[in-house]
There are 2 protein chains.
Amino acid sequence: MARVIAERSDVVPQLAEVFRAYGFEGASLARITAGTGLGKGSIYHFFPGGKDEMADAVLEHIGLWFREHVFVPLREDPVAAAGIGAMFDAVARYFLSGRKVCLVGVFALGGERDRFAARVGRYFQDWIAALAQALERGGRDGATALALAEDAVGAIQGALVLARAADNTDVFMRTLERWRGRLA
Amino acid sequence: MARVIAERSDVVPQLAEVFRAYGFEGASLARITAGTGLGKGSIYHFFPGGKDEMADAVLEHIGLWFREHVFVPLREDPVAAAGIGAMFDAVARYFLSGRKVCLVGVFALGGERDRFAARVGRYFQDWIAALAQALERGGRDGATALALAEDAVGAIQGALVLARAADNTDVFMRTLERWRGRLA
DNA sequence: GTCTATAAAGCGATAGAC
DNA sequence: GTCTATCGCTTTATAGAC
């Protein structure tokens with residue numbers, strides 16, 4: 001009988017979806033084995049530290065994705081406005097236009113914050129800093145750039161809350177387009 | 001030995017703090033009895049429907065508070081700008097300047113959304129509608145008023161996420177003041 | 001690397017005495 | 001209205017065969 005041998009890196013995105021769907025406390029081993037298709041034995045082979053290590057790996061994976069697709073373009077695109085445009089495109093794509101929720105935001109609001117404080121804090125801090133730097137390169141003064149960056153990143157998180165509350169992604173896309181305009 | 005007899009209405013705010021601190025799944029009966037100082041027997045006497053009924057009572061309690069202190073001033077203050085100012089004051093007070101998280105937002109992002117969809121959806125819908133109406137009374141056209149209301153309510157939710165992620169309430173108060181200015 | 005079996009603890013909820 | 005004792009189930013995590 002043929003069988004597929006998994007790697008740790010294959011499991012992380014699947015774990016991310018389980019944590020996103022149920023939260024940290026709600027992501028039971030039963031749901032994790034269902035979502036990954038692996039038995040407990042395999043899961044604990046990859047993550048001997050249990051759920052904490054799984055969630056940590058997921059947060060690291062998300063951090064890397066944002067670094068590559070959002071923070072780096074913001075910091076390094078020679079045309080600052082193009083980097084900002086890339087950010088909005090990447091965000092719309094990543095959150096599936098508002099259907100998918102931000103796991104870092106979920107962890108920030110929940111009791112998991114303290115446990116994962118370092119990664120959660122750094123994610124937003126890096127995002128705001130990268131956007132502020134791009135806005136400054138685009139010609140704004142430092143204080144305005146920082147305020148706008150804080151507002152835009154917060155607005156994206158807030159729009160995800162509203163979209164999920166209303167079960168309607170339109171509010172997320174409308175918010176994204178309004179902020180695209182404000183930052184242009 | 002003297003002992004205090006509790007009423008259902010005394011317990012609801014304490015339950016709110018437990019749900020806020022641990023989320024719905026994380027709010028175990030053990031934490032609930034610790035947070036309320038009541039045994040399981042008393043808790044189930046007040047809420048025979050268990051945790052679902054407790055959370056529902058908490059959401060209703062929050063809804064009533066916002067209706068009284070936020071939505072009504074927005075809709076009925078003869079000076080629209082004064083109603084909007086009252087909203088920002090009430091919000092800063094309610095969320096303890098960003099130290100306290102929005103339970104409705106937590107439920108919206110988590111797996112609890114579907115279970116409490118009606119209350120969660122209505123909370124934000126009513127808030128946005130009341131603010132948009134006040135902005136329109138203040139002289140904005142309908143489309144602008146709605147867009148601004150959506151942005152402001154989303155910004156408040158997003159700022160709570162950022163404040164808790166950074167463990168720093170300043171970002172919440174800064175956001176509130178910027179939006180107070182934008183809506184003035 | 002994968003699985004099943006199992007342990008020990010915690011879970012939500014109920015029953016019944018007071 | 002409050003409590004303790006208890007039920008049955010699920011939880012995380014481990015052990016050990018393959």
Side-chain angles (χ1 to χ4, degrees), chain A residues 1-59 61 103 106-107 110-116, chain B residues 1-59 61 103 106-107 110-116:
Chain A
M1 173 191 164
R3 76 171 169 175
V4 179
I5 305 291
E7 286 184 42
R8 200 184 124 115
S9 59
D10 299 329
V11 182
V12 173
Q14 297 177 302
L15 284 174
E17 289 316 304
V18 178
F19 282 120
R20 225 185 288 276
Y22 302 105
F24 182 78
E25 305 255 15
S28 65
L29 264 310
R31 282 167 172 162
I32 286 170
T33 56
T36 59
L38 259 47
K40 294 186 203 188
S42 301
I43 293 287
Y44 273 88
H45 173 73
F46 289 131
F47 306 95
K51 278 175 69 177
D52 275 52
E53 193 177 340
M54 298 179 215
D56 204 59
V58 167
L59 288 177
H61 184 253
L103 186 62
V106 174
F107 277 22
E112 305 82 20
R113 199 220 80 101
D114 296 350
R115 218 187 302 217
F116 304 105
Chain B
M1 173 188 164
R3 74 171 172 176
V4 181
I5 305 291
E7 289 185 40
R8 197 184 126 117
S9 58
D10 299 328
V11 183
V12 174
Q14 298 178 302
L15 285 174
E17 289 315 304
V18 178
F19 282 121
R20 224 186 288 277
Y22 302 105
F24 182 78
E25 306 253 15
S28 65
L29 264 310
R31 282 167 172 163
I32 287 170
T33 56
T36 58
L38 261 48
K40 293 187 203 190
S42 302
I43 293 287
Y44 273 88
H45 173 72
F46 290 130
F47 307 95
K51 280 176 68 177
D52 275 52
E53 192 176 341
M54 298 179 214
D56 205 59
V58 167
L59 288 177
H61 184 253
L103 187 61
V106 174
F107 277 23
E112 305 82 22
R113 200 219 79 101
D114 295 351
R115 219 189 300 216
F116 304 106

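The sequence lines fix the lettering, A, B, ..., with proteins before strands; numbering per chain opens at 1. Because the structure is a prediction, the values reported are computed rather than measured.
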Does Tyr22(A), at its OH atom, have more than 12 non-hydrogen atoms belonging to other residues, nucleotides or ligands within less than 6.0 Å? no
Let me know the distance between CD of Glu53(A) and P of dA13(D), rounded to the nearest Å. 11 Å
Atom CD1 of Ile5(A) and atom C1' of dT2(C) are separated, to the nearest Å, by 7 Å
Considering residues at least two apart in sequence or located in another chain, which fulfil the side chain to side chain donor-acceptor pair (under 3.5 Å) criterion with Arg31(A)? none
Below 3.5 Å between N/O atoms, which protein atoms pair up with nucleotides 6-13 of chain C? Just atom names and distances, please.
unit_1: dC11(C); atom_1: OP1; unit_2: Ser28(B); atom_2: OG; d: 3.3
unit_1: dG12(C); atom_1: OP1; unit_2: Lys51(B); atom_2: NZ; d: 3.1
unit_1: dG12(C); atom_1: OP2; unit_2: Leu29(B); atom_2: N; d: 2.5
unit_1: dA13(C); atom_1: OP2; unit_2: Tyr44(B); atom_2: OH; d: 2.6
unit_1: dA13(C); atom_1: OP2; unit_2: Lys51(B); atom_2: N; d: 3.4
unit_1: dA13(C); atom_1: O5'; unit_2: Tyr44(B); atom_2: OH; d: 3.1
unit_1: dA13(C); atom_1: N6; unit_2: Lys40(B); atom_2: NZ; d: 2.7

Does any non-hydrogen side-chain atom of Lys40(A) lie less than 4.5 Å from one of Thr33(A)? yes
Minimum side-chain heavy-atom gap Leu29(A)-Met54(A) below 4.5 Å: yes
Checking side-chain contact (heavy atoms from CB on, under 4.5 Å) against Phe47(A), which of Val12(A), Asp52(A), Asp56(A), Ile32(A) comes through? Val12(A)
Does any part of the side chain of Gln14(B), heavy atoms only, come nearer than 4.5 Å to the side chain of Glu17(B), both counted from C-beta? no
Rounded to the nearest Å, what distance is computed from the CG atom of residue Leu38(B) to the P atom of nucleotide dT4(D)? 11 Å
Tell me: CZ of Phe46(A) to C1' of dC3(C), nearest whole Å? 13 Å
So Gly41(A), base contact, sugar-phosphate only, or nothing? Heavy-atom distance under 4.0 Å. base
